[in-house]
2 protein chains.
Amino acid sequence: MNRPAVPAPAEDLPSSPRRAPVQRRSRERVERMLTAAATLIAEGGSDAMRMSDVAEMAGVSIGSLYQYFPDKGAIIRTLAERYNAQGRACIAAALADVRDMDGLREAFAGLIDTYYAMFLAEPVMRDIWSGTQADKALRDIDLADSRANGAVLAEVLARLRPSADPAALATSAFLTMQLGEATVRLAISVDRAEGDALIAAFKRMVLRELCPDEERARGRSRAPDC
Amino acid sequence: MNRPAVPAPAEDLPSSPRRAPVQRRSRERVERMLTAAATLIAEGGSDAMRMSDVAEMAGVSIGSLYQYFPDKGAIIRTLAERYNAQGRACIAAALADVRDMDGLREAFAGLIDTYYAMFLAEPVMRDIWSGTQADKALRDIDLADSRANGAVLAEVLARLRPSADPAALATSAFLTMQLGEATVRLAISVDRAEGDALIAAFKRMVLRELCPDEERARGRSRAPDC
DNA sequence: CTCCTAATATGAGGATATCTCACATTTGCT
DNA sequence: AGCAAATGTGAGATATCCTCATATTAGGAG
């Protein structure tokens, strides 16, 4: 049994998989593991999720779990990265065809609503991002996600306000994305009425920041389906 | 050995201590435990802090640790609550004698700087709040803290802007406090230059939110010593 | 001073979870 | 068929939190 010097290049599992599944059989098993993990997290949270339970529910042995995920955190990170990729696509789509400040207002307010609704509806995301992350690697995933989204937003802003300093716009856009996440996390951890009020307050604050040229915002906005 | 029906009322340890220390001897031991825990967290983070290490460093047995703290999280929560109480006193002092909008601007900008500096300097706070709120109880402590601080801020705002809706001010103040914390957590997790830029961007955003009546802010601000 | 009770202190070991590893089985290819 | 690489297995090594039965100390009453 001579193992290769480098086990296998990571390709699909973002969290340094111990071994990449190459045959169809193992790819399907990995999917079953992730599905089982998501189900268990939805039921009782990621703390309550035990590796032995994941293995049993997925119909594999503990050993197989550790063939593809170096540790428990890696499963959670993989799920997180999948949800985040979804969110990034959603944000990029919503901001893609923004043409003016009013369009940005509408798109952004809609994005906040969409994110809020997603967190309310998805118990897995809710658990993983609730509070924050016990795991440094998870925080890095979160940061990278916000940076990517912030870059998209910054580009739109730069288009709409060519006179503004690009570096300042980038900082502002990154901060906006992080604070949006923080607000949504806060909103889902209090009762519904207060959560709604907090979301509304954040919208006011952030739209005033994004569009400082025009003084009084008006009008409502709608969420894009996503 | 007949134990009392109710062990003892919690008085100083906020996290449901198993037993309240009544004699001087035990009060001093509890302090030693907390000091040891803080030292260990500063060294390697709260995850790396082992209960056996805390006991050894404090010069007590494992059993004694569990006499006063029901679990590992309780030690961390006790430390967190102490730091928070310090922060609350600081915020209340800084906002106490605000008389006008300019004063609020200055006081608030100074508070943000102070918080930022505190987090940068205090490795224990940095670890405890650095995202790692794996513990629901810790999050609740954080929320209660922000609510208390938000109430102080809301009161000041109500004084300065009597015409505004009190409920809206309360929501806005609470959100402001939470987002301030989120910004500081973010700022300390990136490099210093970017952190400074993020803090500056947040100040701009939040001062525009707090003082919407006057259009352009000006001037710099100073931190109160605290 | 003595005695008694409540408070306090102790640490071996129970409980539970993650993760390893030596070995067994399956797949794909020639 | 035959072989090598990929994949699968689960008992148990390891680590940490926490319990509990027992021992020791403090402080007041007589």
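The figures that follow rest on heavy atoms only: side chains count, while hydrogens, waters and symmetry mates do not. What you see is a predicted model, and the numbers here were worked out from it, not measured in a lab. Convention: sequence-line order gives letters A, B, ...; per-chain numbering from 1.
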Salt bridge (charged side-chain N to carboxylate O under 4.0 Å, His left out) involving A/R32 - partner list, sequence neighbours excluded: none

Under 4.0 Å between a side-chain N or O of B/S61 and OP1 or OP2 of C/dA9? no

Mind jotting down which residue pairs meet the side-chain hydrogen bond (donor to acceptor under 3.5 Å, both in side chains) criterion with at least one end in residues 186-201 of chain A? Sequence neighbours excluded, please. A/Y116-A/D196, A/R192-A/D196, A/E194-B/R147

For B/E56, check side-chain hydrogen bond (donor to acceptor under 3.5 Å, both in side chains) against everything at least two apart and list the hits. none

Any B/Y68 side-chain N or O less than 4.0 Å from OP1/OP2 of C/dA9: yes

Run the side-chain hydrogen bond (donor to acceptor under 3.5 Å, both in side chains) test against B/R204 and tell me which residues pass, sequence neighbours left out. none

Taking only N and O in the side chain of A/Y66, is any of them less than 4.0 Å away from OP1 or OP2 of C/dC19? yes

Any residue meeting side-chain hydrogen bond (donor to acceptor under 3.5 Å, both in side chains) with A/E155, in chain and number order, not counting sequence neighbours: none

Output a table of donor-acceptor pairs, distance under 3.5 Å, between side-chain atoms of residues 167-174 of chain A and any protein atom two or more places apart or on a different chain; print 'none' if there are none.
from	atom 1	to	atom 2	distance (Å)
A/T171	OG1	A/A167	O	3.3
A/S172	OG	A/E209	OE2	3.1

At their closest point, which heavy atom of B/L198 faces which heavy atom of B/V190, and how far apart are they? CD1-CG2, 4.1 Å

Just to be sure I understand the rule, does A/S26 reach a base, reach only the sugar-phosphate, or reach nothing, if contact means heavy atoms closer than 4.0 Å? sugar-phosphate

With sequence neighbours left out, the residues meeting side-chain hydrogen bond (donor to acceptor under 3.5 Å, both in side chains) with A/R50 are A/D53

Kindly point out which of C/dC19, D/dG8, C/dA9 is positioned nearest to the side chain of A/D71? C/dC19

Contact check, residues 46-59 of chain A vs DNA chain D, heavy-atom distance under 4.0 Å, returns none

Under 3.5 Å, which donor-acceptor pairs link side chains of residues 58-66 of chain A to any protein atom two or more places apart or in another chain?
from	atom 1	to	atom 2	distance (Å)
A/S61	OG	A/S64	N	3.3
A/S61	OG	A/S64	OG	3.4
A/S64	OG	A/R29	NH1	3.2

Which atom pairs link the protein and nucleotides 24-29 of chain D when you take only N or O atoms and keep those under 3.5 Å?
none

If every non-hydrogen atom of B/E31 is compared with every non-hydrogen atom of B/R82, which pair is closest and at what distance? OE2-NH2, 2.8 Å

Could you list the residues that satisfy side-chain contact (heavy atoms from CB on, under 4.5 Å) with A/T35, not counting sequence neighbours? A/T39

Please write out the pairs of protein N or O atoms and N or O atoms of nucleotides 12-14 of chain C separated by less than 3.5 Å, giving the distance to one decimal.
none

